[in-house]
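First comes the structure, then the notes that go with it.
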Amino acid sequence: MNRETIQQLRQLPVEGVAERLGLRVTRHKSLCPFHDDHHASLTFNVRRNTYRCFACDAHGGTIDLVMRHFAQGLSRRLPLAG
């Protein structure tokens, strides 16, 4: 992937990407998909285009959110080795 494509991905709105991943975003908050969340602890900073969970400290930008989301999905689907 070239630098221009990566820059374009980083500029995608993180809230919109979160919604496309199936998260329900309301008032810049959502349940965190990275832990057993019962209160909306995942927040989105629109100005910086970032996210942060104040419970599990997951944080980053658009690319980080997508990578972490898919990595978690894979780990749930793959059997444990051993």
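Remember, predicted model here, so these are calculated numbers, not experimental data.
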### Message
So, taking the atom named CZ in Arg68 and the one named NE2 in His59, what distance separates them when rounded to the nearest 0.5 Å?
### Response
9.0 Å
## Note on the structure
Between the CZ atom in Phe54 and the NZ atom in Lys29, the distance rounded to the nearest 0.5 Å is 9.0 Å
### Task
Tell me, please, which residues at least two apart from Ala18 pass side chain to side chain contact (heavy atoms under 4.5 Å, CB included).
Leu23, Val25, Phe44, Leu65
### Task
Kindly say whether Gly61 contributes a backbone atom to a donor-acceptor pair with the side chain of Thr50 at under 3.5 angstrom?
no
### Query
Does Gln72 use its side chain to pair, donor to acceptor, with the backbone of Pro33 at less than 3.5 Å?
yes
### Task
Answer whether the closest heavy-atom distance between the side chains of His35 and Cys53 falls below 4.5 Å.
yes
### Query
With a 4.5 Å heavy-atom cut-off, do Arg52 and Leu42 have their side chains touching?
no
### Task
Compare every heavy atom of His69 with every heavy atom of Leu21, then report the nearest pair and how far apart it is.
O-NE2, 3.5 Å
### Query
Can Phe70 be reached from Leu31 by stepping across I, L, V, M, F, W or Y side chains whose heavy atoms are under 4.5 Å apart?
no
### Task
Return each pair, listed once, that meets side-chain hydrogen bond (donor to acceptor under 3.5 Å, both in side chains) where at least one residue sits in residues 1-11; pairs must be two or more places apart or across chains.
Asn2-Thr5
### Summary
In Thr62, Thr43, Asp64, Val17, the residue satisfying side chain to side chain contact (heavy atoms under 4.5 Å, CB included) with Tyr51 is Asp64
### Query
With sequence neighbours excluded, what pairs up with Asp37 under the side-chain hydrogen bond (donor to acceptor under 3.5 Å, both in side chains) test?
Ser41
